[in-house]
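Down below is the structure, laid out as structure tokens.
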Amino acid sequence: MNSPRTALHFLLLTMLSTALIAPVAQAQELLPPRVTDRKFPEFLFCPIPLEMSFVANKATATLRFSTTTVNYLYSDFQGTQQRWAHQSIDNICVVPENVYLANRGPLAGSAADCYLNAPVAETFYFHTAGTIPLKEDFSVLPSATGWDLSHGAYWYETRTAPNNPATGSGEIPLGSLGLGPDTPSHALTDSAFTTRQVSGLTPGTTYRVTGWWAVESMQEDKIFLTVAVLDDSATPIARTTWGALKSRFK
């Protein structure tokens with residue numbers, strides 16, 4: 001049986017150990033959260049950092065871009081206001097892999113600073129690639145070139161990504177495709193999508209999908225962009241979701 005002195009000694013050691021451990025735990029709780037790389041080009045068109053390729057199985061395929069629109073209330077020093085993600089896409093291309101690799105170069109202009117701490121060093125120079133299956137700058141009404149505008153997509157005719165990524169310039173012609181609302185009249189659902197059939201593909205050939213993207217308002221962990229390539233039976237040939245935000249953007 002333990003003596004009273006032994007029991008007291010054990011109690012004192014326990015109290016001392018607790019006192020030494022507690023400050024460490026409190027110090028860990030006070031450490032600032034780890035800030036991750038910004039993954040969204042807010043108020044700025046940037047190349048989508050997609051590494052998306054597919055092998056054509058027929059002469060046609062369908063592109064599908066889907067997004068969360070996030071219609072939500074936001075409170076700041078200006079008071080509570082309604083916001084939407086208001087995403088836009090531009091310069092959408094489907095290009096053979098060999099042409100893609102032969103027409104890449106560094107970003108210029110404001111786009112060179114698109115992603116803090118994780119810059120996109122190069123992008124596809126669609127303006128030097130010649131004729132490719134799809135090179136869409138949305139300079140005309142998108143429905144006229146085959147884009148679906150019935151599910152929350154619309155022509156954003158006064159906004160554009162650079163039409164020359166090598167110089168970061170070329171703002172004419174204007175035009176991009178809005179995905180999701182920017183006003184109550186566009187607030188159809190909490191998501192939006194558009195599709196467009198691409199023709200002129202060679203079966204067995206590998207193609208790349210490239211494009212530029214912007215978002216105007218953000219809600220953490222709820223803004224996504226999913227890009228899919230579908231065959232004639234609407235079965236995905238390739239699909240990727242980009243933009244999951246793991247921490248606060250910078």
Side-chain angles (χ1 to χ4, degrees), residues 45-68 87-107 111 120-155 160-166 173 175-179 191-214 224-244:
F45 263 108
C46 294
I48 309 169
L50 289 173
E51 292 294 333
M52 185 175 184
S53 62
F54 69 96
V55 177
N57 55 14
K58 291 187 176 180
T60 59
T62 298
L63 279 182
R64 188 181 192 274
F65 289 81
S66 56
T67 71
T68 47
Q87 300 177 65
S88 303
I89 57 174
D90 201 2
N91 299 336
I92 304 302
C93 297
V94 174
V95 54
E97 179 79 4
N98 63 325
V99 178
Y100 169 82
L101 294 174
N103 290 272
R104 286 177 57 81
L107 281 167
V120 175
E122 291 187 329
T123 191
F124 174 53
Y125 280 9
F126 51 85
H127 65 296
T128 65
T131 301
I132 57 178
L134 179 64
K135 186 190 300 184
E136 180 63 81
D137 63 5
F138 298 106
S139 59
V140 299
L141 182 66
S143 57
T145 58
W147 293 88
D148 175 16
L149 300 185
S150 63
H151 297 90
Y154 57 94
W155 189 25
T160 187
N163 295 312
N164 185 334
S176 61
L177 184 71
L179 283 172
S191 62
F193 73 87
T194 186
T195 58
R196 202 257 200 214
Q197 188 180 70
V198 181
S199 59
L201 304 177
T202 301
T205 298
T206 300
Y207 291 89
R208 288 271 187 153
V209 179
T210 72
W212 290 56
W213 182 55
F224 303 95
L225 177 66
T226 298
V227 185
V229 181
L230 313 175
D231 64 15
D232 291 344
S233 63
T235 301
I237 303 172
R239 180 169 54 194
T240 186
T241 295
W242 178 82

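Of the inter-residue distances, the one linking Leu179 atom CG with Leu225 atom CG reads 7.5 Å to the nearest 0.5 angstrom. Here CZ of Arg196 is found 11.0 Å from CD1 of Ile92. Values are rounded to the nearest 0.5 Å. Atom OG of Ser150 and atom CZ of Phe193 lie 6.5 Å apart (nearest 0.5 Å). To the nearest 0.5 Å, atoms CG (Leu177) and CG (Asp90) are separated by 9.0 Å. The CG atom of Leu201 sits 11.0 Å away from the CD1 atom of Ile132 when rounded to the nearest 0.5 Å. Considering OG1 of Thr205 and CG of Asn98, their distance stands at 8.5 Å, rounded to 0.5 Å.
In this structure, the side chains of Cys93 and Leu134 stay at 4.5 Å or more apart for every pair of heavy atoms. Residues Phe126 and Val95 fail the side-chain proximity criterion, which asks for heavy atoms closer than 4.5 Å. A 4.5 Å side-chain heavy-atom check between Trp213 and Ser176 finds every atom pair outside the cut-off.
Classification of the Phe138-Trp147 ring pair by plane angle, with boundaries at 30° and 60°, yields tilted.
For the pair Thr160 and Gly175, the tightest heavy-atom approach, listed with the atom from each and the gap, is OG1-O, 3.5 Å. The two atoms that bring Met52 and Val227 nearest to each other are CE-O, 3.4 Å, heavy atoms only. Minimum heavy-atom separation, Pro165 to Trp212: CB-CZ2, 3.7 Å. Here the closest non-hydrogen pair linking Pro133 and Pro96 is CD-CD, 3.9 Å. Looking at every heavy atom in both residues, Pro106 comes nearest to Tyr125 through O-OH, 2.6 Å. Across all their heavy atoms, Glu136 and Ser139 have their closest contact at OE2-N, 4.5 Å.
With hydrogens and angles disregarded, no donor-acceptor distance shorter than 3.5 Å links the side chain of Lys135 to the backbone of His127. Between the side chain of Tyr100 and the backbone N or O of Ala129, no donor-acceptor pair lies under 3.5 Å. Judged by distance alone, the side chain of Asn163 and the main-chain N or O of Pro173 form a donor-acceptor pair under 3.5 Å. With Asn91 contributing its side chain and Pro162 its backbone, the two residues share a donor-acceptor pair below 3.5 Å.
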_For Val229 and Leu63: C-alpha separation, side-chain torsions, deciding distance, then whether side-chain contact (heavy atoms from CB on, under 4.5 Å) applies._
CA-CA 5 Å; Val229 181; Leu63 279 182; 3.9 Å; yes

*Apply the test side-chain contact (heavy atoms from CB on, under 4.5 Å) to residues Thr202 and Tyr207: give CA-CA distance (whole Å), side-chain angles for both, the deciding distance (0.1 Å), then the verdict.*
CA-CA 9 Å; Thr202 301; Tyr207 291 89; 3.6 Å; yes

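The salt bridge (charged side-chain N to carboxylate O under 4.0 Å, His left out) contacts involving residues 91-102 comprise Glu97-Arg208, where partners must be two or more places apart or lie in separate chains.
Side-chain contact of Asp232 with Thr60: a donor-acceptor pair under 3.5 Å is present, judged by distance alone.
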